[in-house]
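Right, one structure below, let's go through it.
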Amino acid sequence: MKREPIIYLDNNATTQVDPAVVEEMMPFLTEFYGNPSSAYSFGKIAEQALEKSRERVAMLLGCEPREIIFTSCGTESNNAAITSALSLDPDRQHIITTRVEHSAITKHCEALAKRGIEVTWLGVDERGQLDLHELERAIRPDTAIVSTMWANNETGVLFPIEEIAAIVHKKKAIFHTDAVQAVGKIPINLASAHSHINFLSVSGHKLHCPKGVGVLYVNRRTRFNPYLIGGGQEHGKRAGTENVASIVGFGKACKLAGENMEHENSFVRGLRDDFENRVLETIADAQVNGDREHRLPNTTSIAFDGIESEAVLMLLDKAHICCSAGSACTTGSIHPSHVLKAMGFSTERARGSLRFSFSRFNTMTDVEKALHVLPQIIAKLRQMMAVA
Ligand SMILES: Cc1ncc(COP(=O)(O)O)c(C=O)c1O
């Protein structure tokens with residue numbers, strides 16, 4: 001299947017698989033297809049590859065290889081962390097999370113609430129930041145787990161995770177962070193003396209690895225009950241034959257992410273900043289959503305007055321430009337983003353917002369092309385709205 005060249009500015013949705021990742025995976029899809037649990041040496045080749053990957057992931061996160069559990073995706077990692085915490089003590093059945101989490105947390109917590117688990121939802125201010133005093137006050141003797149994301153997928157806003165983890169630790173609850181958008185984009189060091197993170201979720205496809213592989217970091221001192229029960233894979237912490245090729249790719253992707261971290265913070269940040277500044281200069285009544293200081297280097301969420309972002313997406317699509325809307329179209333109706341609504345923005349602002357997210361595979365030419373097309377689309381739609 002051939003496709004038109006695209007300008008892909010939606011790297012928080014998923015990323016291009018790095019060709020070097022594919023190259024490293026290929027032998028495990030073709031030649032070395034053994035089961036890592038098999039006792040013979042053909043299986044051992046796969047097992048050794050798994051362990052090498054575990055070391056590479058641990059290196060990126062600054063933790064020990066034995067603290068890494070391979071899963072199928074970020075969603076599974078998030079579900080596993082919360083389920084485990086709830087399973088440890090029947091007298092601790094209270095969860096604290098935030099109103100701006102990804103649906104991999106919110107929908108799970110909503111489902112748990114329907115089954116009688118009490119959930120406290122923390123709000124955010126206009127910058128997308130939490131009130132840490134409110135968080136501290138919310139933690140109770142029966143709190144099983146506090147789960148807050150590291151980086152917001154829509155706005156890129158970063159929560160002060162080490163500070164949050166320290167508060168939760170002081171109050172003797174378990175702390176989980178959904179770091180799916182943070183890993184590979186900002187430095188993370190779980191071994192640091194200040195780290196009180198019990199669980200951390202990662203997803204391969206957000207860092208130039210294929211879809212269908214994730215990681216749950218489980219601190220070696222944290223009790224963990226497996227989510228998937230069956231064989232003894234992953235040292236009994238996650239049953240199911242491992243997705244060897246993707247795990248090998250994940251290890252390589254983490255190695256590359258570590259090597260590219262500086263680049264992410266200079267080149268990718270530069271692309272984002274250039275794009276954002278020039279959008280704000282050339283398009284009237286456009287504003288950035290959320291804290292611009294504590295933010296991922298690759299993300300910008302911009303609200304445009306008087307337009308529907310879904311319409312912009314359709315016109316950008318015609319120009320082969322991919323980005324995301326601050327709303328989701330499901331079964332014929334448009335739902336404004338829960339993140340932007342939680343930040344106190346109006347439905348109109350949420351519905352007029354677009355997210356652009358960059359990666360090391362973007363170029364200045366991508367930015368120039370997008371900057372050429374976007375102002376025309378916004379002007380055209382505003383004109384149409386004015387006439388209507
Ligand atoms: C913050 C966040 N958490 C979790 C997920 C889910 O990850 P996965 O697609 O690997 O299940 C995503 C995916 O967009 C995300 O952005």
Side-chain angles (χ1 to χ4, degrees), residues 8-17 21 57 61 68-83 95 97-111 122 124 128 130 145-159 161 164 175-186 188 197 199-217 227-228 238 240 243 246-247 249-250 253-254 257 289-290 294-301 322-328 330 337-340 342-343 355-359:
Y8 189 74
L9 305 182
D10 204 15
N11 288 277
N12 286 6
T14 196
T15 54
Q16 178 184 335
V17 180
V21 168
V57 178
L61 299 180
I68 298 298
I69 302 175
F70 289 110
T71 65
S72 66
C73 58
T75 302
E76 183 193 324
S77 303
N78 285 348
N79 277 236
I82 290 179
T83 306
I95 302 175
T97 189
T98 83
R99 293 197 184 282
V100 294
E101 300 298 309
H102 186 269
S103 53
I105 291 287
T106 57
K107 297 284 176 194
H108 186 206
C109 287
E110 281 166 19
L122 299 173
V124 294
L130 292 168
I145 186 165
V146 177
S147 178
T148 73
M149 65 203 324
W150 198 314
N152 188 276
N153 45 301
E154 292 191 24
T155 58
V157 168
L158 296 165
F159 281 157
I161 284 301
I164 295 173
F175 179 62
H176 165 252
T177 182
D178 173 351
V180 161
Q181 294 291 347
V183 172
K185 296 175 190 160
I186 56 166
I188 290 178
I197 296 170
F199 297 126
L200 175 143
S201 302
V202 194
S203 173
H205 73 104
K206 310 291 184 184
L207 60 149
H208 307 290
C209 176
K211 295 151 193 68
V213 63
V215 151
L216 179 64
Y217 156 84
Y227 182 59
L228 287 191
R238 197 269 186 185
N243 181 354
S246 292
I247 290 172
F250 202 158
C254 285
N289 294 317
H294 303 103
R295 193 168 49 146
L296 287 174
N298 81 318
T299 310
T300 177
S301 167
C322 311
C323 69
S324 277
S327 52
T330 35
S337 141
H338 70 284
V339 173
L340 300 178
M343 289 161 74
R355 175 191 74 188
F356 302 89
S357 46
F358 298 82
S359 84

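These numbers were taken from a predicted model, which means no experiment stands behind them. Order of listing sets the numbers, starting from 1, for every ligand and every atom in it.
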Q: For S203, counting its heavy atoms only, list the atoms of ligand 1 lying under 4.0 Å from any of them.
A: 8 (P), 10 (O)
Q | Shortest protein heavy-atom distance from atom 15 (C) of ligand 1, along with the residue and atom involved | A | H102 CD2, 3.3 Å
Q: Please identify which atoms of ligand 1 are closer than 4.0 Å to at least one heavy atom of N153.
A: 1 (C), 16 (O)
Q | Which of the ligand 1 atoms, numbered from 1, are nearer than 4.0 Å to a heavy atom of Q181 | A | 1 (C), 15 (C), 16 (O)
Q: Return the minimal non-hydrogen interatomic distance between G214 and S77, and the atom names on each side.
A: C-OG, 4.4 Å
Q) Which heavy atom of S147 sits nearest a heavy atom of H176, and at what distance? A) OG-ND1, 2.8 Å
Q: Kindly indicate whether the side chain of T155, heavy atoms from C-beta on, has any atom under 4.5 Å from the side chain of M343.
A: yes
Q.
For E101, state whether at least one heavy atom is located under 4.0 Å from any atom of ligand 1.
A. no
Q. Among protein heavy atoms, which sits nearest to atom 14 (O) of ligand 1, and what does the distance come to when rounded to 0.1 Å?
A. K206 NZ, 2.5 Å
Q) Closest approach of L216 and T71, non-hydrogen atoms and distance? A) N-CG2, 4.1 Å
**Q.** V180 contact mode with ligand 1 (heavy-atom cut-off under 4.0 Å)
**A.** side chain
**Q.** Closest protein heavy atom to atom 1 (C) of ligand 1, given as residue, atom name and distance to 0.1 Å
**A.** D178 OD2, 3.5 Å
Q. In terms of residue, atom name and distance, what is the protein heavy atom nearest to atom 6 (C) of ligand 1?
A. T75 OG1, 3.5 Å
Q: For atom 8 (P) of ligand 1, grab the closest protein heavy atom and report residue, atom and distance to one decimal in Å.
A: G74 N, 3.6 Å
(Q) Quick one, T148 and T97 - any side-chain contact, counting heavy atoms below 4.5 Å? (A) no
(Q) Is it the case that the side chain of R295 and the backbone of A151 share a donor-acceptor pair, with hydrogens and angles ignored and the cut-off at 3.5 Å? (A) no
Q | Subset of ligand 1 atoms that lie under 4.0 Å from at least one heavy atom of H205 | A | 8 (P), 9 (O), 10 (O)
Q.
Quick check on contacts: which atoms of ligand 1 are under 4.0 angstrom from a heavy atom of M149?
A. 1 (C)
Q. Do S357 and N298 have side-chain N/O donor and acceptor atoms under 3.5 Å apart?
A. no
Q: Before giving the answer on side chain to side chain contact (heavy atoms under 4.5 Å, CB included), spell out for F199 and I145 the whole-Å C-alpha distance, their side-chain angles and the decisive distance to 0.1 Å.
A: CA-CA 10 Å; F199 297 126; I145 186 165; 4.1 Å; yes
